[in-house]
Amino acid sequence: MADDKLIRAENLVKIFPMGSSQVTALSQVTLSFQTGEFAGLVGPSGSGKTTFLNIVGTLDAPSSGSAFVLGREVESLSHREAAGLRNRSIGFIFQTFNLLPVYTAYENVEFPLLLLKTPAAQRRKMVMDALDWVGLADRARSRPPQLSGGESQRVAIARAMVKRPPLLLADEPTANLDAENSHHILQTMEKLNRQLATSFLFATHDEKVIGYLRRKITLVDGRVTRDENCRPRGAEGTEPC
Amino acid sequence: MLTLRLALRNVLGTGIRAWLNALIISLALVVATWNQGLVSGMDEQAAQAAQAIEFGGGQYWQEKYDPFDPLTLDEAHAPLPPALQALVDDGRAAAVLVLQGSIYPRGRMRSILLKGIDPGQPILDFPTAKITADGGELPALIGGRFAKAVGLARGDSVTLRWREPGGAFNAQDAAVAHVMSTTVASIDSNQLWLPLAKLQEMARLPGEATLVVLARGTPPPAAPPGWTFRDADYLLRDLRELVKAKSYGRTIFLVIFLSLGMLAIFDTQVLAIFRRRREIGTLVALGFTRGQVIRLFTLEGALYGVLAVILGALYGLPLLWLQARAGFPVPAGTEDMGISIGERIYPAYSAGLILGIVLVSLLVTTVVSLLPTRRIARLKPTDALRGRMS
């Protein structure tokens, strides 16, 4: 069943076999997200944050329950359809940046557009705009080993947002960054969210990230224990996360 | 196109490792081409030598002649039919009389073939003119290997013994007029060439012959009754079988060598999939299907083959060309193994040979590259993103 919500998960269960036993990573998780949210799944390691992100990112399928992303039911997607959805509509930002090592920053950012068969002139403009957004237009020709951790993550953000996806999934995006770079990255993401209405869903246990969230969902042992709206840093109104 | 571009970038991005792999495969390619070229060259040379020196453009055999059964030789001769005689008279054929006999070099008996041929014949390319009878001692022509085996040299005399049609044995001394160096063992081993007219006279078989060798390029007339025509293909059949048998051995060597190159690719692929798990996960997250990832890795492996072809062409073609011009010295004793070739083999490289080897290696490279990618199909993107194997 399709709906107008960006993400809708109902009674989501994910069980991983572990040798002869099983580990329940998600247990009856029901959540939904609207367009334009800046939300985060928080909780200790093993609480199911990444598993949830993987399922809504169509990289994994639930053991039971259902997940709808942009109106498409994850389990019903074929490999090809899931790849198409990721390519067109979902951006990923990883803890370890995951830049393609033999490509320059420019080529890394260009990659999703090549998959989308974007015409060359338009592609070039979009790539440079994205690099501009993250403040790395002057490092376009640098390769990943020549970039610092913060720069690498900014290139990864540019790569995730270059195709202007409605949804960006960020798994521990600041875990490998120092405080200054973390804030820089988060401010960039916040700007993207505000100016381009890109929805962000984080998986994190980093207090710096939590400080920027407008919605915080706490997961413990695969269950949602709290789901709260909160006031981001510097804003007024609700309680800060 | 995108996958090809990425594959090329990935392969070239690995730097020296890519070129080392390509170098190993290119070595296999060049050696394989050289090896096959050598066999082709040997085949061609042997066939040409055998035709020029022994078979001509085909032979008419007296119907009882069986070159593999010396016991038939006593009866395997007949007067030349007019059609064949006309060819001989025109200089388009040469008659040969083959008889059994013995010689006694240094007092030891040795069974041999006595072969009579017209010293002035223009058909076969060996020095029959050296046995032009001048009224003195009976001149004989022998091959270098046989001369060495029986200890005869130019100017030596040797006693011949043969059987006349009535069954009586006769004997005569012959003088070695010339020791010829020939690449065709079958006109050398255990035989003595004498002037045809003298042998016919000695054996009391005037005007008779065992076989008639046709000049190359002469259209063969129909075989007269009592004679059978054997064309060049028939006569070269054994030689070609021999070359083919030798080429099987070389093919095994080629397969082993090519396998070493392929092992390098297989190893590189397995290692690449293991080392690039995170990259595989990233590609899938960015929108690649598993099929596209498999295609990318297979293409990367296949590109090693393409690089090898380019690299091999750069250094291999000049080397092979030089080798084809300079030839390859034949190791001593090779001719005793049954192959008739000159002192050097000139490898022959046809476009088909080179293209065939290139295509086979590209195909094998692609298959070898594809095999390890089956792991990708089993790899979960979520595990790959964390750098884990499923």
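Below, read A as the first sequence line, B as the second, and so on, with proteins coming before strands; counting in each chain starts at 1.
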Do any side-chain atoms of residues 255-268 of chain B form donor-acceptor pairs under 3.5 angstrom with protein atoms, and if so which ones, sequence neighbours left out?
from: B:Ser259; atom 1: OG; to: B:Val255; atom 2: O; distance (Å): 2.5
from: B:Thr268; atom 1: OG1; to: B:Asn21; atom 2: ND2; distance (Å): 2.8
from: B:Thr268; atom 1: OG1; to: B:Ala264; atom 2: O; distance (Å): 2.6

Discussion item. What verdict does the side chain to side chain contact (heavy atoms under 4.5 Å, CB included) test give for A:Leu114 and B:Arg5, after you've listed the backbone C-alpha separation in whole Å, the side-chain angles of each residue and the deciding distance to 0.1 Å?
Written reply: CA-CA 11 Å; A:Leu114 288 171; B:Arg5 233 175 89 182; 4.0 Å; yes

Between [X] and chain A, with a heavy-atom cut-off of 4.5 Å, which part of the residue counts as in contact: side chain, backbone, both or neither?
{"X": "B:Arg9", "answer": "both"}
{"X": "B:Leu283", "answer": "side chain"}
{"X": "B:Leu286", "answer": "both"}
{"X": "B:Arg276", "answer": "neither"}

Worksheet entry | Option in A:Leu116, A:Asp60, A:Leu115, A:Leu100 with maximal non-hydrogen atom pairs under 4.5 Å from chain B | A:Leu115

Worksheet item: What residue in A:Leu99, A:Thr58, A:Ile90, A:Asn54 has the most heavy-atom pairs under 4.5 Å with chain B?
Response: A:Asn54

Worksheet item: Does CG in A:Asp221 sit with more than 12 non-hydrogen atoms of other residues, nucleotides or ligands closer than 6.0 Å?
Response: no

Discussion item. Check this for me: A:Arg223, atom CZ, are more than 12 non-hydrogen atoms of other residues, nucleotides or ligands nearer than 6.0 Å?
Written reply: no

Nearest-0.5 Å distance that lies between atom [atom1] in [X] and atom [atom2] in [Y]:
{"X": "B:Leu385", "Y": "A:Asp171", "atom1": "CG", "atom2": "CG", "answer": "9.0 Å"}
{"X": "B:Gln292", "Y": "A:Arg80", "atom1": "CD", "atom2": "CZ", "answer": "7.0 Å"}
{"X": "B:Arg278", "Y": "A:Thr96", "atom1": "CZ", "atom2": "OG1", "answer": "4.0 Å"}
{"X": "B:Thr382", "Y": "A:Leu53", "atom1": "OG1", "atom2": "CG", "answer": "12.0 Å"}

Practice prompt. Could you look at A:Arg159 and say if it's the side chain, the backbone, both or neither that has a heavy atom under 4.5 Å from chain B?
Written response: side chain

Fill in: Contacting region of A:Glu107 [heavy-atom separation from chain B under 4.5 Å]
side chain

Item to complete: Check the pair B:Leu6 / A:Tyr103 against side chain to side chain contact (heavy atoms under 4.5 Å, CB included), numbers first and verdict last.
Response: CA-CA 9 Å; B:Leu6 293 177; A:Tyr103 304 134; 2.7 Å; yes

Worksheet, complete the sentence: Tightest non-hydrogen contact, residues B:Val284 and A:Arg86, listed as O-NE, 2.7 Å

Worksheet entry | Nearest heavy-atom neighbours spanning A:Phe94 and B:Ala285 | CZ-CB, 3.7 Å

Fill in: Test log, rule side chain to side chain contact (heavy atoms under 4.5 Å, CB included), inputs B:Arg386 and A:Thr50
CA-CA 11 Å; B:Arg386 289 185 205 172; A:Thr50 301; 3.9 Å; yes

